[in-house]
There are 2 protein chains.
Amino acid sequence: MVVAVDAAGGDFFPKNPIEGALLALDEDSSLNIILVGPETLINEELQNHNYDKDRIEVVDAPEIIGMKDSPSAAVKTKRNSSITVGIGLHKAGKCQAFVSAGNTGALLAASTFILGKLEGVSRPTIATYFPTLKGFRLLVDAGANLEVKPEMAVQFAKMGQVFAAHEMGINDPKVALLNVGEEEKKGTENVRAIHEALMSVDGFVGNAEGRDIFPAKADVFVTDGMVGNILLKFGESIPSALKHMVKAQAKKGILAKLELYFAQKVLRESLSPFNYENVGGIPFLGVNGVSVVGHGGSSPLAIKNMIKGAISCVHSDINGKIVSSLN
Amino acid sequence: MVVAVDAAGGDFFPKNPIEGALLALDEDSSLNIILVGPETLINEELQNHNYDKDRIEVVDAPEIIGMKDSPSAAVKTKRNSSITVGIGLHKAGKCQAFVSAGNTGALLAASTFILGKLEGVSRPTIATYFPTLKGFRLLVDAGANLEVKPEMAVQFAKMGQVFAAHEMGINDPKVALLNVGEEEKKGTENVRAIHEALMSVDGFVGNAEGRDIFPAKADVFVTDGMVGNILLKFGESIPSALKHMVKAQAKKGILAKLELYFAQKVLRESLSPFNYENVGGIPFLGVNGVSVVGHGGSSPLAIKNMIKGAISCVHSDINGKIVSSLN
């Protein structure tokens with residue numbers, strides 16, 4: 001198995017991607033890594049580490065796509081960026097997956113354009129893990145498609161179900177449509193049309209309201225990229241907000257300090273199952289390849305888990321299963 | 001000051017609305033209350049309480065609009081419901097405000113249809129308090145308008161600013177547009193058009209992402225009713241989800257039990273500033289009257305605070321200020 005890693009992606013490159021890649025090599029002896037990015041930067045960082053030189057290849061890609069670059073423009077004009085070169089390696093069969101903590105839009109554009117779409121897919125989508133009281137569940141779309149047509153929503157639902165079943169170990173994943181009420185006639189005209197289209201999906205349980213996410217009324221929550229992206233980023237901000245809220249309770253006195261200490265400890269433990277670093281990223285669903293994007297701030301641990309997730313998707317032939325599900 | 005209260009609204013009528021009304025009478029000696037709903041039910045409940053008979057009037061409205069009734073149909077067919085009768089009393093000048101924990105859509109429809117819109121308002125909106133690290137801020141629209149045109153968004157922003165300034169004590173309220181990214185070109189075509197239109201609003205600070213809400217990047221977050229409603233209900237579910245997450249950490253042993261006890265105590269205290277019961281509801285903004293809707297599950301305390309909020313809006317002439325701001 002060969003996985004290419006974007007050594008010029010994310011807020012902490014090349015350090016975090018390279019350290020994450022080395023962690024992955026340590027854990028999986030059948031893995032080789034291609035590091036893609038500015039060669040000199042990569043080699044400089046590699047000098048700080050002990051590693052098996054036979055299992056790492058460096059492919060030079062001197063151009064940098066920044067986190068704020070316009071995705072489509074960046075992919076078109078920066079042909080020698082780590083993203084375009086890395087996806088090109090995947091397309092050419094030099095690796096079975098590409099992993100990046102870089103510009104999500106640019107990676108999605110490059111993946112869709114260079115790797116192409118799976119048979120039967122209108123639009124690839126970004127699914128994301130979302131914490132619930134039953135553990136992580138899926139939210140799809142998380143920002144790739146701000147407007148979603150009914151047939152796209154059906155594909156998102158089915159692709160999400162395949163991922164949930166084969167990568168998250170959820171039997172017969174249930175699908176719900178995020179909406180403003182439970183009744184099927186709720187929502188805009190388009191959302192009502194999506195509801196009707198989703199009736200054809202096995203496991204569709206109807207609408208879910210915002211309050212139905214934490215109790216995991218469904219395993220795959222379907223929505224458009226506008227709602228999904230705002231909800232995802234709001235959800236990600238909860239732990240830090242809570243820390244501030246709890247800290248604001250700080251009072252004088254030893255007992256109060258002790259209470260606060262315990263509260264912070266328990267809160268940390270309560271939220272730790274939802275640490276995204278432990279689950280890494282999810283490949284773009286619907287792309288003809290395994291292209292995984294993670295947080296810009298990904299730690300080495302997160303990068304390692306993104307690589308493991310990518311390997312798992314290759315082994316389980318997630319794309320073959322998606323094509324079977326859709327056609 | 002006379003406020004009419006929907007005694008047949010919410011999940012716990014007539015008990016909670018009546019107890020809330022009595023609490024409000026206790027706190028404000030210049031207040032009189034009209035209880036609107038099925039007369040026999042109301043009188044039965046009133047028998048359980050001591051109160052000043054001169055300050056409470058009962059107006060019979062035998063029909064009940066349920067929480068799941070279709071709003072427009074309910075308003076048209078149930079002319080003798082507490083909502084239509086109560087809003088009718090307000091229209092006729094028998095009271096200065098109407099407060100309900102009943103069917104939000106029905107109350108909005110009745111308020112818009114019977115009371116009419118303020119000069120310059122395209123569509124009345126539902127604004128909601130949203131907890132942030134700086135205290136409550138406003139989210140608008142929270143579900144009344146699932147699709148929002150640029151000129152509507154501008155009105156929502158300005159009406160929200162008036163409410164934030166005069167009812168929440170926020171100086172020069174800042175407005176942000178919820179979007180999938182900070183850059184002004186982000187979002188759907190309509191969202192980009194809204195962004196451009198909002199540039200004309202004093203205090204507009206640009207786009208806010210989901211992660212910008214808790215840190216209160218703005219005081220008034222403008223969005224459409226789909227995003228707003230899903231976000232609101234998701235946000236409301238956080239405290240209960242946290243309780244479950246923390247409880248799931250329960251371990252054996254006295255020290256662990258003590259830790260958990262303190263954690264639950266501190267968490268409760270941390271979240272208590274965000275108890276919606278303390279702030280009650282916000283009147284529909286843009287309606288020619290003061291019509292306040294609250295949670296179906298409103299407690300007597302919540303009803304009392306809704307009544308106080310309504311009185312405050314009458315005193316501050318919030319509607320006059322909205323008209324000045326828009327025209």
Side-chain angles (χ1 to χ4, degrees), chain A residues 68 70 105 131-133 143 146-147 178-183 185-189 191 208-215 223-238 240-242 244-249 256 258-267 269-271 273-274, chain B residues 68 70 105 131-133 143 146-147 178-183 185-189 191 208-215 223-238 240-242 244-249 256 258-267 269-271 273-274:
Chain A
K68 302 231 159 187
S70 155
T132 78
L133 295 176
L146 302 185
E147 289 170 290
L178 284 185
N179 204 336
V180 297
E182 287 188 341
E183 305 81 359
K185 291 294 168 206
K186 288 281 183 176
T188 61
E189 196 182 329
V191 167
E209 299 184 69
R211 65 169 66 97
D212 298 323
I213 301 174
F214 272 131
T223 188
D224 63 44
M226 184 65 74
V227 172
N229 185 273
I230 292 172
L231 205 50
L232 169 65
K233 289 174 180 165
F234 176 71
E236 285 176 350
S237 75
I238 296 175
S240 151
L242 275 173
H244 281 92
M245 287 176 187
V246 166
K247 218 172 166 185
Q249 294 300 307
L258 198 68
E259 282 182 8
L260 187 65
Y261 172 80
F262 285 142
Q264 288 170 327
K265 176 170 178 278
V266 171
L267 193 63
E269 289 167 356
S270 303
L271 297 176
F274 306 111
Chain B
K68 302 230 159 188
S70 156
T132 78
L133 295 176
L146 303 186
E147 289 170 292
L178 283 184
N179 204 336
V180 297
E182 287 188 341
E183 305 81 359
K185 292 294 169 207
K186 289 279 183 176
T188 61
E189 197 182 327
V191 167
E209 300 185 69
R211 65 169 66 96
D212 298 323
I213 301 173
F214 272 131
T223 188
D224 63 44
M226 184 65 76
V227 172
N229 184 274
I230 292 173
L231 205 51
L232 169 65
K233 289 176 180 165
F234 176 70
E236 285 176 351
S237 75
I238 296 175
S240 151
L242 276 173
H244 280 92
M245 287 176 187
V246 165
K247 218 172 166 186
Q249 295 299 310
L258 198 68
E259 282 182 10
L260 186 66
Y261 172 79
F262 285 141
Q264 288 170 328
K265 176 171 178 279
V266 172
L267 193 64
E269 289 168 356
S270 303
L271 297 176
F274 306 111

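Everything numeric here is computed off the predicted structure, so don't read it as measured data. Each chain gets a letter, A, B and so on, in the order the sequences are listed, and its residues count up from 1. The basis for the numbers below is simple: all heavy atoms, side chains too, and nothing from hydrogens, waters or symmetry mates.
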Quiz item: Tell me, side chain or backbone of Tyr261(B) under 4.5 Å from chain A's heavy atoms, or both, or neither?
Solution: neither
Practice problem: Heavy-atom pairs under 4.5 Å with chain B are the metric here; pick the option from Thr132(A), Leu260(A), Val227(A) that has the most. | Solution: Val227(A)
Quiz item: If you count heavy-atom pairs under 4.5 Å between each of Leu232(A), Asp224(A), Leu271(A), Leu231(A) and chain B, which one has the most?
Solution: Leu231(A)
Quiz item: Checking heavy atoms, do the side chain of Asp212(B), its backbone, both or neither come under 4.5 Å from chain A?
Solution: neither
Practice problem: Heavy atoms only, distances under 4.5 angstrom: which of Met245(B), Glu236(B), Lys186(B) has the most pairs with chain A? Name it, please. | Solution: Met245(B)
Exercise. For residues Asn229(B) and Asn179(A), report the shortest heavy-atom separation together with the two atoms involved.
Key: OD1-O, 4.5 Å
Quiz item: With a 4.5 angstrom heavy-atom cut-off, which part of Glu182(B) approaches chain A: side chain, backbone, both or neither?
Solution: side chain
Quiz item: With only heavy atoms counted, which part of Glu183(B) is less than 4.5 Å from chain A, the side chain, the backbone, both or neither?
Solution: side chain
Practice problem: Indicate the atoms forming the closest heavy-atom contact of Met226(A) with Gly187(B), along with that distance. | Solution: CE-CA, 4.0 Å
Quiz item: What part of Leu178(B) lies closer than 4.5 angstrom to a heavy atom of chain A: side chain, backbone, both or neither?
Solution: both
Practice problem: Please round to the nearest 0.5 Å and tell me the distance separating atom CG of Leu146(A) and atom CD of Glu189(B). | Solution: 12.0 Å
Quiz prompt | Interchain contact, Leu242(B) with chain A, by part (heavy-atom threshold 4.5 Å) | solution = side chain
Quiz item: What option among Ala263(B), Gly235(B), Ser270(B) has the most heavy-atom pairs under 4.5 Å with chain A?
Solution: Ser270(B)
Quiz item: With no hydrogens and no angle check, is any side-chain donor or acceptor of Lys233(B) less than 3.5 Å from a backbone partner on Val180(A)?
Solution: yes
Quiz prompt | Heavy-atom pair of closest approach, residues Gly210(A) and Ser237(B) | solution = O-OG, 4.2 Å
Quiz item: Distance from Ile238(B) atom CD1 to Ile238(A) atom CD1, nearest 0.5 Å?
Solution: 3.5 Å
Quiz item: What class does the angle between the rings of Phe262(B) and Phe262(A) fall in, given that below 30° is parallel, 30 to 60° is tilted and above 60° is perpendicular?
Solution: parallel
Quiz item: Roughly how far apart are Ile230(B) CD1 and Ile230(A) CD1, rounded to 0.5 Å?
Solution: 10.0 Å
Exercise. State, to 0.1 Å, how close Thr188(B) and Glu147(A) come at their nearest heavy-atom pair, and which atoms those are.
Key: CG2-CG, 3.7 Å
Quiz item: Using non-hydrogen atoms only, which part of Ala241(A) is less than 4.5 Å away from chain B: side chain, backbone, both, or neither?
Solution: both
Exercise. Could you tell me the separation between the CD atom of Gln264(A) and the CG atom of Leu267(B), rounded to the nearest 0.5 Å?
Key: 12.0 Å
Quiz item: Taking the side chain as C-beta and beyond, is there a heavy-atom pair between Phe214(B) and His244(A) under 4.5 Å?
Solution: no
